[in-house]
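First comes the structure, then the notes that go with it.
Atoms within each ligand, like the ligands themselves, are counted from 1 in listed order.
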Amino acid sequence: MRIDVLTIFPEFFGQVFDFGIIRRARLAEIVSVNVHDIRDFAFNKHRMTDDRPFGGGDGMVMKPEPIFAAVEHILGTTNREDYPPRTRVVLLSPQGTVFKQAVAQRLADETEHLVLICGRYEGVDERVNERLVNEEISIGDYVLSGGETAAVVVADAVIRLLPEALGSETSAANDSFSDGLLDCPHYTRPADFMGMKVPDVLLSGDHAAIEKWRHEKALEKTRSNRKDLLEGENGECES
Ligand code: ADE
C-alpha cells in the first residue's frame with residue numbers, strides 16, 4: 001500500500017510513523033508513507049492555502065486550487081472518476097462518516113493507494129469533496145484542531161491490518177471489535193502482584209476453559225463499557 005498525506009503541517013508527522021508495527025511495515029515495504037505540504041502547491045502570490053468564506057462568517061476555508069494541484073501531482077488527474085483502480089481519496093473532517101474497525105478493514109482489503117487530505121480551519125472548499133474525495137471520514141464525535149491527528153489514526157488502523165504487517169506472533173483476529181466485542185482482559189507475570197492474583201483458569205492449561213473464560217470476560221467488558229456494541233440496528237440485543 002502507498003499512503004500520501006496532504007497537510008499544511010508536514011512537520012506534524014515527524015516521527016509518528018517510526019514506531020512499532022508501523023515502522024516494521026514500512027521497513028518491510030508493506031507500506032510507504034509520503035507526506036506532502038499543501039503549501040508547495042499554492043502558486044498564488046503569498047502561497048495562501050486558505051481564504052475568507054463566501055457568504056461571510058467566522059474563520060477561514062481551505063482553498064481548492066492547492067489541493068487540486070497536489071492530487072493532480074500524486075494521481076495524475078483531478079477527477080475521481082479517472083482514478084486508477086484500488087485508489088481512495090479520503091478527506092478527514094468532523095462532517096465525515098464515523099471511522100470504525102470495519103472501515104479500516106475495508107480500506108486495508110480494497111485499497112492500494114490511499115490519499116489522506118487533512119482539513120483545517122473552518123473547513124475545506126466543498127468542491128474538493130465534489131470532485132476529488134471518495135469518502136469523508138471523521139474519527140469521532142468531537143472537533144480536533146485539524147485532520148492531521150485523524151489521518152494518523154486512520155493510517156495506523158489500516159496499516160496494521162495489511163497482510164503480514166502484524167507478524168506471526170500477533171493477529172488482528174483477536175482485536176477488540178473484530179468480532180463485535182471488546183477484547184478480554186490480559187495478564188502476564190508475576191502470577192501474584194501485590195496480592196492481586198491472576199485468575200486460576202489462565203494458569204490451568206485447559207485451553208477450552210480459557211477460551212470460554214475469555215469470551216465471557218469480553219462480553220462482560222462490552223456490556224459494562226460499550227453496551228451499544230451489543231445492540232442491533234433496531235436496538236435489539238444480538239448476543
Ligand atoms: N478534523 C477535526 N475534527 C475531526 C474529526 N473528529 N475527525 C476527522 N477529522 C477532523
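Using cut-offs of 30° and 60° on the angle between ring planes, the pair Phe17 and Phe13 is parallel. Classification of the His73-His36 ring pair by plane angle, with boundaries at 30° and 60°, yields perpendicular.
When side chains are defined from C-beta on, Ile74 counts as touching Leu6, because their heavy atoms get closer than 4.5 Å. Proximity of Ser204 to Leu202: side-chain heavy atoms (C-beta onward) are nowhere separated by under 4.5 Å.
The main-chain N or O of Arg88 is never found under 3.5 Å from a side-chain atom of Arg80 such that the two would form a donor-acceptor pair.
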Between ligand 1 and the protein, which N/O pairs are shorter than 3.5 Å?
from	atom 1	to	atom 2	distance (Å)
ligand 1	3 (N)	Leu144	N	2.9
ligand 1	6 (N)	Gly140	O	3.2
ligand 1	6 (N)	Tyr142	O	2.8
ligand 1	7 (N)	Ile139	N	3.0
ligand 1	9 (N)	Ser93	N	3.2

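In this structure, Asp206 has no salt bridge (Lys or Arg N to Asp or Glu O under 4.0 Å) partners at least two apart in sequence or on a different chain.
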